[in-house]
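For ligands, and for the atoms within them, numbers begin at 1 and follow the listed sequence. In this chain, numbering begins with 1 at the start of the sequence shown. Values reported hereafter were calculated over all heavy atoms of this structure, with side chains retained and with hydrogens, waters and symmetry mates removed.
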Amino acid sequence: MGLLIKNGDIVTADSRYTADILCEGEIISRIDRDITPPPGTEVIDATGKYVFPGFIDPHTHIYLPFMGTYSKDTYETASRAALVGGTTTIFDMCCPSRSQEPMEGFEAWNEHSAGHSACDYSYHMGVTRFDAASEAQLREIVARGVQSFKIFLAYKGAFGIDDTELYRTLKLAKELGVVVCAHCENETLVTERQKELLAAGVTGTEGHYLSRPPEVEAEGVHHLMTFAGLTGARTYIVHLSCIEALREAAAARLRGVNVAVETLIQYLLLDRTYAEKPGFEGAKYVMSPPLRDASNQAVLWDALRSGLVQTVATDHAPFDFETQKPMGRDDFTKIPNGIPSLEERVNLLYTHGVCTGRLDLQTFVAVASTNAAKQFGLFPRKGAIQPGADADLVVYDPAYRGTLSKATQTHAVDYNAFEGWEILGRPSVVTLRGQIAARDGKFVGTPGRGRFLERPRDAGRPV
Ligand code: URP
Ligand code: ZN
Ligand code: ZN
């Protein structure tokens, strides 16, 4: 059965117009005024609503063995949450430990995702060790359609790589045309400061951000940019949080380094005072890089507007407040890092970006969908509304008023970092490849229907 979305205010990254969209099979087959529905077609009236391309979250951790525990969501729960919130495609970080073979990690991730995810997905392949054996497997994984790597300059001993491995990973990426996503923090500085703080009796949640000040992130970005410049590799800085790091990325871009920048909805809206909440409540807001001084937020919004930052992700890394965050109750270095927000990202960005006038509608679509599709080789199959594209569509109701809460969320973690926050709009219908997957805050799709998106070689382009 086809779908016809009528009279929507269609908004893409570069256009806005009113028309009908006919979806047949899994794709958009026609866009026109006054399309007569073919027999058996379900008609959705989008009058008074926007129609956006399905949103893309370029950075999640659905399955993540990390800091002695596992992130709380499963592909079942997280993909439902994504769809309810308007996100139809996610990029999960496939992060084997240093002692695991990359192929073993890749297969472990496939076991968790295939047949379980309700939304479409791809991975950024974690390079957590680089030697001859891992290189051969990385080449094979790229040949299977994973055209991006993920590296960590932090978390040494777990995921982090040293400078020789960094250089060789970037050279391989350059050779294969693969983009390298990087967590940029100087690990030595983090470790030394953690030791000093603990020795001085600072064990609480504030110790987390004190151990990772902006200079630590800026040094990580500078470091990566030096290596990227010398190798010519395409790079993508994940979860950039502060002006000091942005300056390093912008300076590198100006001198011709191939780099794109992602920030997170958390950095745009939350600040470090959240991590200071009393009674260990601050642990809900511990992530790396840490939440920053609020003065950074205006800079990040400006950078989205001006194109210095190209994407807004979530880094969705959910850990329960009751049972997992307390691993670090007496030692902030042991608090599992992460702030969940996969379900909330689009509505928060719309509410605090579009409704405040900080972002126009096209920029909103670009940073939450289209730029990620382009950067990672999915455009125009994803991130676009045009004949031939996957029929991933979000019919968005700007008249909706509601409140975010743990009580009504879909993802599986036991708190909501935005508890009580008002949202000024939400998806009323979300389609994934021509099927309705979410309606008015509820998942109504097909569990396990999500598809692994093989990305063709050289399809990605810098944004
Ligand atoms: O705190 C974070 N960001 N947790 C997830 C792992 C990572 O560094 O992206
Ligand atoms: Zn990270
Ligand atoms: Zn991450």
Side-chain angles (χ1 to χ4, degrees), residues 57-73 78 90-98 105 109 121-128 148-161 166 180-187 190 194 205 207-209 211-212 216-217 220-221 223-224 235-242 245 249 261-268 270 272 274-275 282-292 311-321 324-325 327-328 332-342 345 372 376 411 413 415 417:
D57 191 336
H59 183 169
T60 67
H61 299 276
I62 308 310
Y63 170 61
L64 182 69
F66 186 46
M67 297 184 77
T69 184
Y70 292 85
S71 54
K72 182 66 194 314
D73 265 312
I90 57 172
F91 282 83
D92 207 35
M93 300 293 178
C94 175
C95 296
S97 71
R98 258 181 96 73
W109 257 257
Y121 59 96
S122 183
Y123 310 129
H124 302 303
M125 184 63 216
V127 181
T128 51
S148 44
F149 291 156
K150 170 69 187 292
I151 56 167
F152 294 87
L153 303 188
Y155 310 133
K156 286 239 162 63
F159 302 134
I161 53 174
L166 171 60
V180 179
C181 308
H183 174 135
C184 298
E185 286 183 299
N186 181 301
E187 174 61 24
V190 172
Q194 284 178 336
T205 54
H208 179 74
Y209 68 69
S211 67
R212 310 174 101 102
V216 165
E217 185 182 346
V221 171
H223 200 80
L224 178 80
T235 54
Y236 174 91
I237 297 167
V238 300
H239 53 38
L240 184 133
S241 72
C242 61
V261 177
E262 164 197 287
T263 191
L264 305 182
I265 193 68
Q266 295 93 321
Y267 299 135
L268 290 165
L270 303 171
R272 69 181 203 174
Y274 284 83
K284 292 177 179 173
Y285 299 94
V286 164
M287 67 172 300
S288 298
L291 297 177
R292 301 297 187 191
T311 59
V312 177
T314 62
D315 193 8
H316 182 77
F319 295 100
D320 270 350
F321 179 61
Q324 295 179 292
K325 293 280 185 180
M327 291 165 68
F332 67 86
T333 67
K334 298 193 167 69
I335 301 170
N337 287 199
I339 306 178
S341 55
L342 177 54
R345 175 187 66 131
F376 296 117
H411 47 64
V413 70
Y415 72 99

Please identify which of these residues, Leu240, Ile237, Leu153, meets the side-chain contact (heavy atoms from CB on, under 4.5 Å) condition with Glu217. Leu240

I'd like to know whether the aromatic ring centres of His183 and Tyr155 sit less than 6.0 Å apart in this structure. yes

Using a 4.0 Å heavy-atom threshold (strictly under), name the region of Met93 that reaches ligand 1: side chain, backbone, both or neither. neither

Ser288 and His208 side chains, donor-acceptor separation under 3.5 Å: yes

Measure from the Zn ion (ligand 2) to every N/O/S atom of His183 and report the name of the nearest one. ND1

Will you find, in the side chains of Thr60 and Tyr121, an N or O donor that is under 3.5 Å from an N or O acceptor? no

Could you check whether Gln194 and Thr333, counting side-chain N and O atoms only, form a donor-acceptor pair closer than 3.5 Å? no

Proximal heteroatom of Asp315 relative to the Zn ion (ligand 3) (N/O/S): OD1

First locate atom CG of Asp73, then atom NE2 of His316, and finally report the distance between them rounded to the nearest 0.5 Å. 4.0 Å

Atom 8 (O) of ligand 1 has as its nearest protein heavy atom Tyr155 OH, 2.6 Å

Honestly, for Asp315 the part within reach of ligand 1 (heavy atoms, under 4.0 Å) is side chain

Checking one value in my table: which N/O/S atom of His59 lies closest to the Zn ion (ligand 3)? NE2

Indicate, as side chain, backbone, both or neither, the part of His183 found under 4.0 angstrom from ligand 1 when only non-hydrogen atoms are considered. side chain

Please find the N/O/S atom of His61 nearest to the Zn ion (ligand 3) and write down its name. NE2

